[in-house]
2 protein chains.
Amino acid sequence: MRLSKRGEYGLRAMIVLADTPNPGGPYPVMQIKEIAQRENIPAKFLEQILLALKNAGLLQSKMGVGGGYYLARPPQEITLGHIERVLDGPLAPIRCVSQMAYEPCGCPDAETCGLRMVMGDVRNAIADILDHTTLADVTKRVHAVRAMKQKPE
Amino acid sequence: MRLSKRGEYGLRAMIVLADTPNPGGPYPVMQIKEIAQRENIPAKFLEQILLALKNAGLLQSKMGVGGGYYLARPPQEITLGHIERVLDGPLAPIRCVSQMAYEPCGCPDAETCGLRMVMGDVRNAIADILDHTTLADVTKRVHAVRAMKQKPE
DNA sequence: CCGAAAGTATACTAAATCTATAGGAATTAT
DNA sequence: ATAATTCCTATAGATTTAGTATACTTTCGG
């Protein structure tokens, strides 16, 4: 049940973008290199990932000198579930419980398949978290922990 | 976030073993072939999987004519989480939130890593389900659905 | 004791997938 | 024009997965 590097890197990148203060523009513009360095991600690999996120409408970009990537929408409107689906496909552990990419599995009777029932629960548990956690939520949480570390009550 | 075939097949096999009535012995003894046919699993592949589960102490076996596999413990004492960990390793989506196989990830500061916090939640959600669902629970649930199908209120 | 049935054990391979790199095309600021 | 940057595609390398092959051991019935 592992998250791919692709998913991990993409999520990290989006979180960084959401958490970077934006002096001028609407959202902070960051270059691939910049993000890659900050998060220890191979730059060329990240390039592909950000491109995919752009094509999915989650990022926008500016080419040329001084260009870079920035969020296509405010952080509170982008969920981790959306990002992860773009990068790795369905959240469901097995296809036969996927909402977005259902496929029958090999079991004799899907309706009375015990594994399917349990994995359905798992899928829902994962989706509940990732589809209800926005980039803004993550930022908020990170800041809370940082503040706690400074003044550790 | 997908479950491997190995995990899927192993879980299915254990569920079948738990749900098969046992006329004589303590637990039903089933042969690899039998399980494989019932669940559409390649027999030779299943062989390896059952062996792994045996070496992990979840199954026992009897060699020779009339032999086969049977549960090492009663179904209410075997959790899906245990099975899945034996077959696919840690439940955690990323290793830096794994209880059983922690490893640092590339992020600058683990303590204030937003992704890590969320994935920790995901890990816990998955583990809550799989570690608290026993083979007996699955059987019970399946029977409930089967009964409902017969007499659909 | 013999032979068939069944699990044990390991090695191997083919295919798929994942991760990462390469290199050139397009675009933009200066 | 040049340098910086994203865009795009191909592909190489590594790893994992899924499945097969083969030889061995144990057990039972006759």
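Naming convention: chains lettered A, B, ... in sequence-line order (proteins, then strands); numbering from 1 in each chain. The figures that follow rest on heavy atoms only: side chains count, while hydrogens, waters and symmetry mates do not.
Using a 4.0 Å cut-off between a side-chain N of Lys or Arg and a carboxylate O of Asp or Glu, B/Asp131 and B/Arg85 qualify as a salt bridge. A salt bridge links A/Asp121 to B/Arg141: at least one charged side-chain nitrogen sits closer than 4.0 Å to a carboxylate oxygen.
Here the CG-CG distance, from A/Leu58 to A/Leu53, works out to 6.0 Å after rounding to the nearest 0.5 Å. For the atom pair B/Ile83 CD1 and B/Ile49 CD1, the distance stands at 12.0 Å (nearest 0.5 Å).
Contact check for A/Val138 versus A/Met14: no side-chain heavy atoms found under the 4.5 Å cut-off. Between B/Cys105 and A/Arg12 there is a side-chain heavy-atom pair separated by less than 4.5 Å.
Residue contacts shown for B/Ile32 are limited to sugar-phosphate atoms, with no base heavy atom under 4.0 Å away.
Judged by distance alone, with hydrogens and angles left aside, the side-chain atoms of A/His132 form a donor-acceptor pair with the main-chain N or O of A/Asp128 at under 3.5 Å.
Nearest-nucleotide positions on DNA chain D for B/Ala43 and A/Lys62 put A/Lys62 closer to the 5' end. With the nearest nucleotide of DNA chain C identified for both A/Val65 and A/Glu47, A/Glu47 has the one nearer the 5' end.
Think of the region where chain A sits on DNA chain C: with heavy atoms and a 4.0 Å cut, that region ends 5' and 3' at C/dT19 to C/dA29.
Rounded to a whole Å, the CE atom of A/Met30 is 19 Å from the P atom of D/dA4. Distance A/Gln31 CD to D/dA3 C1': 12 Å, rounded to the nearest Å.
The number of heavy atoms from other shown groups lying within 6.0 Å of CZ (A/Arg116) is above 12.
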Using the 3.5 Å cut-off, write out each protein N or O paired with an N or O of nucleotides 12-19 of chain D and the distance between them.
residue	atom	partner	partner atom	Å
D/dA18	OP1	B/Lys5	N	3.3
D/dA18	OP2	B/Lys5	N	3.2
D/dA18	OP2	B/Arg6	N	3.4

